[in-house]
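In this text the structure is predicted, and so the values were computed from the model without any measurement.
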Amino acid sequence: AERALAILASSEDTNPAMRARLLLIIGSAHLWLTDHATATVRFEECIALAQTIHHRVLESKALARLGRIGLEQGRFEQAEKNLQDSLAIAQQLNDIEVIAYTLAHLGYICHYQGRYADAQKYGEESYEFAKKTGDAIAQAFSLNMLAMVSVNNNEYEQAHAYHLQAIKVC
């Protein structure tokens with residue numbers, strides 16, 4: 001993917017939307033490899049380019065992934081800001097996949113901060129959107145977060161039910 005980006009950059013016929021997509025893909029690959037530094041650079045480049053060409057979908061997706069990086073690094077304030085910005089764009093575009101993704105990650109942030117009522121609300125909303133997408137992994141991700149909140153609320157039977165439901169979905 002990095003090679004594709006280099007070829008695209010050297011091409012006389014540069015397509016900014018294609019470059020922004022490649023930046024998102026490359027950033028996502030680095031995120032999965034937990035190379036947060038490189039992923040952050042690529043997502044920030046994607047956001048800047050997406051804003052320049054008014055490509056709100058790519059901007060929203062890159063912001064969501066930056067939010068995930070912040071969550072994984074425990075930088076909750078920045079993560080929450082990025083996710084809220086992503087969510088606002090996704091809601092304007094009615095992008096239910098990004099809405100489900102951001103709500104779930106916002107739920108995890110609230111959970112880790114001990115804001116269990118907020119985490120519960122985000123988790124339930126995320127699960128409803130994830131069901132609309134048909135994405136089993138997104139559904140299980142939301143259900144797992146809801147189970148974690150239930151454990152913190154000493155609702156062990158409910159936590160067990162969420163986990164069983166997550167297994168069933170997958």
Side-chain angles (χ1 to χ4, degrees), residues 1 21 23-40 42-44 46-47 56-170:
R21 280 187 195 90
L23 288 165
L24 182 69
I25 291 167
I26 293 166
S28 296
H30 286 284
L31 175 59
W32 282 107
L33 295 169
T34 63
D35 178 2
H36 292 144
T38 304
T40 297
R42 293 299 181 227
F43 292 142
E44 288 173 347
C46 177
I47 291 165
R56 304 288 281 167
V57 172
L58 291 175
E59 180 184 359
S60 178
K61 288 180 179 184
L63 281 164
R65 288 181 180 66
L66 272 180
R68 177 176 160 193
I69 289 171
L71 170 62
E72 289 180 5
Q73 293 179 333
R75 294 182 295 112
F76 299 130
E77 187 175 314
Q78 186 61 48
E80 190 165 7
K81 181 194 179 316
N82 288 331
L83 289 164
Q84 289 289 358
D85 290 348
S86 172
L87 180 60
I89 295 168
Q91 287 172 329
Q92 290 172 0
L93 301 172
N94 197 31
D95 187 337
I96 60 174
E97 290 177 356
V98 175
I99 293 170
Y101 182 95
T102 56
L103 288 170
H105 284 81
L106 285 165
Y108 276 97
I109 288 170
C110 292
H111 174 265
Y112 293 131
Q113 292 179 323
R115 297 166 31 208
Y116 302 125
D118 290 336
Q120 180 80 29
K121 179 183 77 84
Y122 282 129
E124 289 170 354
E125 290 178 37
S126 173
Y127 179 63
E128 290 305 314
F129 279 102
K131 284 194 302 189
K132 291 177 186 175
T133 69
D135 183 341
I137 293 172
Q139 291 174 52
F141 189 73
S142 297
L143 289 165
N144 181 63
M145 195 271 301
L146 288 168
M148 290 170 51
V149 171
S150 295
V151 167
N152 285 103
N153 290 332
N154 298 319
E155 299 168 348
Y156 302 110
E157 288 182 30
Q158 182 61 56
H160 182 71
Y162 281 134
H163 279 134
L164 288 176
Q165 191 175 356
I167 292 167
K168 189 177 183 179
V169 166
C170 289

Nearest heavy-atom approach of Ala104 to Ser126 is CB-OG, 3.2 Å
Donor-acceptor check, side chain of Thr133 to backbone of Ala130, threshold 3.5 angstrom: yes or no? yes
Heavy-atom side-chain proximity of Gln78 to Gln73 below 4.5 angstrom: no
To the nearest 0.5 Å, atom CG of Leu31 lies from atom CD1 of Ile26 at 13.5 Å
Any donor-acceptor pair under 3.5 Å linking the side chain of Thr102 with the backbone of Val98? yes
Rounded to the nearest 0.5 Å, what separation is found between the CG atom of Leu87 and the CG atom of Asn82? 12.5 Å
Where do Gly107 and Ala119 come nearest, in terms of heavy atoms and distance? O-CB, 3.3 Å
Measure the spacing between CG of Leu103 and CG of Leu83 and express it to the nearest 0.5 Å. 9.5 Å
Around atom CD1 of Ile137, are there more than 12 heavy atoms from other residues, nucleotides or ligands closer than 6.0 Å? no
To the nearest 0.5 Å, tell me how far Ile47 CD1 sits from Arg42 CZ. 13.5 Å
Can the ring centroids of Phe141 and His105 be said to lie less than 6.0 angstrom from one another? yes
Would Tyr127 and Met145 count as a side chain to side chain contact (heavy atoms under 4.5 Å, CB included) if you check the C-alpha gap in whole Å, the side-chain angles of each, and the deciding distance to 0.1 Å? CA-CA 10 Å; Tyr127 179 63; Met145 195 271 301; over 6 Å; no
Determine the minimum heavy-atom distance between Gly123 and Ser142, stating which atoms define it. O-CB, 4.0 Å
In short, Met148 meets Tyr108 closest at the heavy-atom pair SD-CE2, 3.7 Å
Of the non-hydrogen atoms in Tyr162 and Ser150, which two are nearest, and what is the gap between them? CE1-OG, 3.4 Å
Evaluate side chain to side chain contact (heavy atoms under 4.5 Å, CB included) for Ile69 paired with Arg75, printing each intermediate quantity in order. CA-CA 8 Å; Ile69 289 171; Arg75 294 182 295 112; 3.9 Å; yes
Within 6.0 angstrom of Lys121 NZ, more than 12 heavy atoms from elsewhere: yes
Report the distance from atom OG1 of Thr40 to atom CG of Asp35, rounding to the nearest 0.5 Å. 8.5 Å
With a 4.5 Å limit on heavy-atom distance, are the side chains of Leu24 and Arg65 in contact? yes
N-O pairing of Glu128 and Lys132 below 4.0 Å: no
Full working for side chain to side chain contact (heavy atoms under 4.5 Å, CB included) between Leu23 and Phe43: CA-CA 7 Å; Leu23 288 165; Phe43 292 142; over 6 Å; no
Between Gln139 and Asp135, a side-chain donor and acceptor under 3.5 Å: no
Less than 4.5 Å apart, any side-chain heavy atom of Asn153 and any of Val151? no
Salt bridge or not for Glu72 and Arg68, using N-O below 4.0 Å? yes
Residue Glu97 excluded, over 12 heavy atoms near CD under 6.0 Å: no
Which distance, rounded to the nearest 0.5 Å, do you find between the CD1 of Ile109 and the CG of Asp118? 11.5 Å
So do the side chains of Asp85 and Glu59 get within less than 4.5 Å of each other, counting heavy atoms only? no
Any side-chain donor near an acceptor of the partner, Asn154 and Tyr156, under 3.5 Å: yes
Does atom CD of Gln92 have more than 12 heavy-atom neighbours from other groups under 6.0 Å away? yes
What I'd like to find out is whether the side chain of Gln120 reaches to under 4.5 Å of the side chain of Leu146, using heavy atoms alone. yes
